[in-house]
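Input: a single structure, listed below in structure tokens.
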Amino acid sequence: MSLQDRSRFEPSEVEPRITAAWLDAGLGSPDVAAAQDGAYSIAIPPPNVTGALHMGHALNGAIQDTLVRWHRMHGQQAKWILGTDHAGIATQTQVEKLLVSEGSGRTEIGRDAFTERVWEWRAQYGGTIVEQFRRLGASCDYADERFTLDVRYVTAVLEVFVRLYDKGLIYRDHYMVNWDPGSRSAISDLEVEDREVTDRLYEIAYPLSDGSGEVIVATVRPETMLADTAVAVNPEDERYTHLVGRTVTLPLVGRELEIIADDYVKTDFGTGCLKITPGHDPNDFEIGRRHGLDELSVIGEDGRMTDAAGPQYAGLGVEEAQAKVVAALREQGLLRSEEPYVHTVPFSHRSGSRIEPLISLQWFMRMDELAAPARQVVADGQVRIHPESQRRRYDAWLAEIRPWCISRQLWWGHQIPVWYRGDGPDQETYAGTSAPAGDGWERDPDVLDTWFSSALWPFATLGWPDETPELDAFYPTDVMSTARDILFLWVARMVMMGLEFTGDVPFRDVYVHSVIQAPDGRRMSKSLGTGIDPLMLIEGGPRPPVFTQGGDFPAYGADAVRFGLLAMSSTQDVRFSEEKVAQGQALGNKLFNATRFVVGKISADTVAAARPATVEDRWILSRLQAVKADSARRIAQFDLSKLALGLYDFVYGELCDWYLELIKGRAFDDDLAATLLHVLRETVALVHPVMPFVTEDLWTELPGHDGRLLAASVLPAADDAQTDADAEARIAALIEAVTVVRAWRNDAGVPAGAMLDVRLAATGYDETIAALARLARLAVSEDGAVDVGAAAAIVVPGGTVEVLASGAFDPAEAQRKAADQIRELEREITRAEGKLANAGFVDKAPEAVVGAERDKLARLQAELAQLQG
RNA sequence: GGGCGGUUAGCUCAGCUGGUCAGAGCACCUGCCUUACAAGCAGGGGGUCCACGGUUCGAGCCCGUGACCGCCCACCA
């Protein structure tokens, strides 16, 4: 359909066509050979392979695509590295559920069949999110998609593991881990979330072995006392110092426990005596290691009491065991108190189960050695984190980094490349990227934490450990754009791994973007029902209940959603605002109609060129150059909100409201046509990174279109030579004058269509008088040519517009308005005079400020004189 | 328990190193189908810038205290 037959932009009709054109042209696939003349790359935070696009993806997609398109349009070979993450626990959980629904299960079918099943699942659902990124207009390199379990990627992961193992940074140890009974796996500290729960706090008497008394300990986990191996007090605590070194008899068990002294114990909390259970409490574990205590376990990986707990407890769940222990203590008269107790305890982020701290044999990675250089590169600016406030968080976390438990008791993931032979103390261990020679070797069944492989993302996706042309051209990447929640989980680890294995940072800038909350301020979440599906916004669909307004979303289209998300983003969390999306839609429509107007006015063989013939031509070229420069600055500062809103202001407030209105009074000669086309082309191109679809569509409608994609075109950078202060001043005065006269007309009751007879008594309008007359609907008499007195004066920059008596306006209203203005002026004059009469101000304020105040006073007084005259 | 951020028009948010900074979009009111766009155009009303102290000639902007909201980190039994 031709442009002139459409009066509004219809995204649903245009977007599929444009998407296909970009894909056909290989827009996202850069020329690796040409990249040495300038390359730009971003590695996408890989979404979960079976996930669906949520608001966070959409925002981050809009941000990254805007950056990538901007740099591509400034002559760089831009690669947005695309791929998905195997997401160990999340994916395995989904497939396990599926199996259960089929009456089967993971253990029933075995490891090989299970992983086979996950691959099938991935084949079926894995493409969704990539397709959704396309819908958003994301110009990723679709021809070069990665997956963290691709053969080449696996090679990189195993290589990294083996090198770190050989270096001694990866080791196996019995250590306290966060055991998730839900997924039957250890999880890392970062996968744990604290929740507030109400437990019961018990005080229990432990009798001294010699019968001379007792000590009282407090605990919320009485069942763990079965694994107690000591009682600790603070070495400074005078109440107990005499007991240190003596022993108590552990109730129910009868074991002798030594009373030890450790600084960890607080003197002002509880009873000052702490039962020590190294096997089931992380702090006690540390204390136990300091004092060489035995590490007993009475709770197993299934969350039930083990045989070590004794025959009356073995096999019970921890809650049952707790009840039984408490009952037994009460019976023996050793339970001294019991009260409700609110505190926070760790839960698994994934399964939702309460974490059971357990000692188990796991693989760990020592981080301190890698953390130091990762802190350094941020400290010295090799990696810049935006906003600045996030840098402190990053550094604080790295400063106190602890060993990372990297093994997971799952089947879906990178199986740890370690083989064992034999048992007991003589067991042989082999770590390598392939199985060792010889018989009897058995591979470690565990897989690596998903974040282990994610940490290699920026270089493993480019072919590392091979020295590929892609790695050479696009590493380090330029920007890592991400939400705050994975700054430690992922970003910091990428820096560490990047430095260790490539000798260079993985990216130069980290942009930490907003988290978009639901309109009511709650977190957007599926389970809360507060989520908003970006595709519903793009395609239209029912509003979720978090909106006060009901009904369906209109089909806003991808451009509007992108604009809206960028416009609402900032460096802090923001609420979702549908109005901003609507604003984006309005902008797209505005551009569409502006193009329709221009194309309808100029001939098809017009060649775009800046050939200013009038002051407004010089003005718009000056403004265009300014908005280009501003946009470049905002891109560099990651201020995407200001970028989007700045473009909106230019298109609406300058190009359409004023320039296009100004030229309507002119003949469309060749110079004007060339200039008009030039301005429109540049504007459309400038908006493209934010709103790629509508701009790409309009691009094809412009005279001179040579079939090349806008997305693949290069936009000339801002040119200072176009700045024109004189034109800016003259048009600013014109705009002010038109606005003031229009307001006056409204107040004075002048009919909208009526011409007003006036005489211009102001300077500075020699080039704009005709425009002023047309836009403000004035019939301007030559100064002095008509010998009638003015009935009213409208103050404009440079003088007044004298309104001649006529039937077109109500003199009483005009009088009233003038009186209001005079009152207002007098108020301001009084204020300015007062300020200037203040000796403190005149003496201490800077010269320029005082001068400005004097000028302001003079101006106000002149205005007042004109109104009264 | 620490740390960070926020509190500006009915709503969502801008306001740089203190001096036209009291703004934008949406909503609202009035008037316009002025042939690019009524998903439009023109004009307008509306805020003791959370509270109280302080610094300063001058404070949304700096300092202190407090209130409320949000986030992050943390091992207090």
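Chain A is the first sequence line, chain B the second, and so forth, proteins listed ahead of strands; every chain is numbered from 1.
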Polar atom pairs between nucleotides 23-25 of chain B and protein, under 3.5 Å, N or O only, would you list them?
unit_1, atom_1, unit_2, atom_2, d
B:rG25, O2', A:Gln583, OE1, 3.0

- For residues 745-755 of chain A, the side chain to side chain donor-acceptor pair (under 3.5 Å) pairs (sequence neighbours left out) are A:Asp747-A:Lys817
- Stem list, RNA chain B (Watson-Crick or G-U pairing under 3.5 Å, at least 3 consecutive pairs): B:1-7 with B:67-73, B:10-13 with B:23-26, B:28-32 with B:40-44, B:50-54 with B:62-66
- Could you tell me which residues satisfy ring-ring contact (aromatic ring centres under 6.0 Å, His included) with A:Phe488, sequence neighbours excluded, listed by chain and number? A:Trp397
- Query: Does any residue of residues 735-747 of chain A have a heavy atom under 4.0 Å from RNA chain B, and if so, which ones, in number order?
  - Reply: A:Thr739, A:Arg742, A:Ala743, A:Asn746
Check the interface with nucleotides 36-38 of chain B: list each N/O to N/O pair with the protein under 3.5 Å, or write none.
unit_1, atom_1, unit_2, atom_2, d
B:rA36, OP1, A:Lys664, NZ, 3.4
B:rA36, O3', A:Arg596, NH2, 3.4
B:rA36, O2', A:Asn593, OD1, 2.8
B:rA36, O2', A:Arg596, NE, 3.4
B:rA36, O2', A:Arg596, NH2, 2.9
B:rA36, N7, A:Lys664, NZ, 3.2
B:rA36, N6, A:Cys656, O, 3.4
B:rA36, N6, A:Glu661, OE2, 3.2
B:rA36, N3, A:Asn593, O, 3.1
B:rA36, N3, A:Ala594, N, 3.2
B:rC37, O4', A:Asn593, OD1, 3.0
B:rC37, O4', A:Asn593, ND2, 3.4
B:rC37, O2', A:Asn589, OD1, 3.3
B:rC37, O2, A:Lys590, NZ, 3.1
B:rC37, N3, A:Lys590, NZ, 2.8

- By salt bridge (charged side-chain N to carboxylate O under 4.0 Å, His left out), which residues pair with A:Glu388, not counting sequence neighbours? A:Arg391
- Message: Students often get this wrong, so: under 4.0 angstrom with heavy atoms, is A:Tyr394 touching a base, only sugar-phosphate, or nothing?
- Response: nothing
- Could you tell me which residues satisfy salt bridge (charged side-chain N to carboxylate O under 4.0 Å, His left out) with A:Glu824, sequence neighbours excluded, listed by chain and number? A:Arg827
- Protein proximity profile, nucleotides 69-77 of chain B - base contact B, sugar-phosphate-only contact S, no contact -, cut-off 4.0 Å on heavy atoms: --SSS-BBB
- Query: Listed by chain and number, what are the salt bridge (charged side-chain N to carboxylate O under 4.0 Å, His left out) partners of A:Arg543, not counting sequence neighbours?
  - Reply: A:Glu578
- Residues that A:Arg742 engages under salt bridge (charged side-chain N to carboxylate O under 4.0 Å, His left out), provided they are two or more places apart: none
- Message: Need one value for A:Ser641: base, sugar-phosphate or nothing, where a base atom within 4.0 Å counts as base even if backbone is also close, heavy atoms only.
- Response: nothing
Sub-3.5 Å pairs of nitrogen or oxygen atoms, protein against nucleotides 2-10 of chain B:
none

- Message: Mind checking if A:Pro519 touches a base, just sugar-phosphate, or nothing, with heavy atoms under 4.0 Å?
- Response: nothing
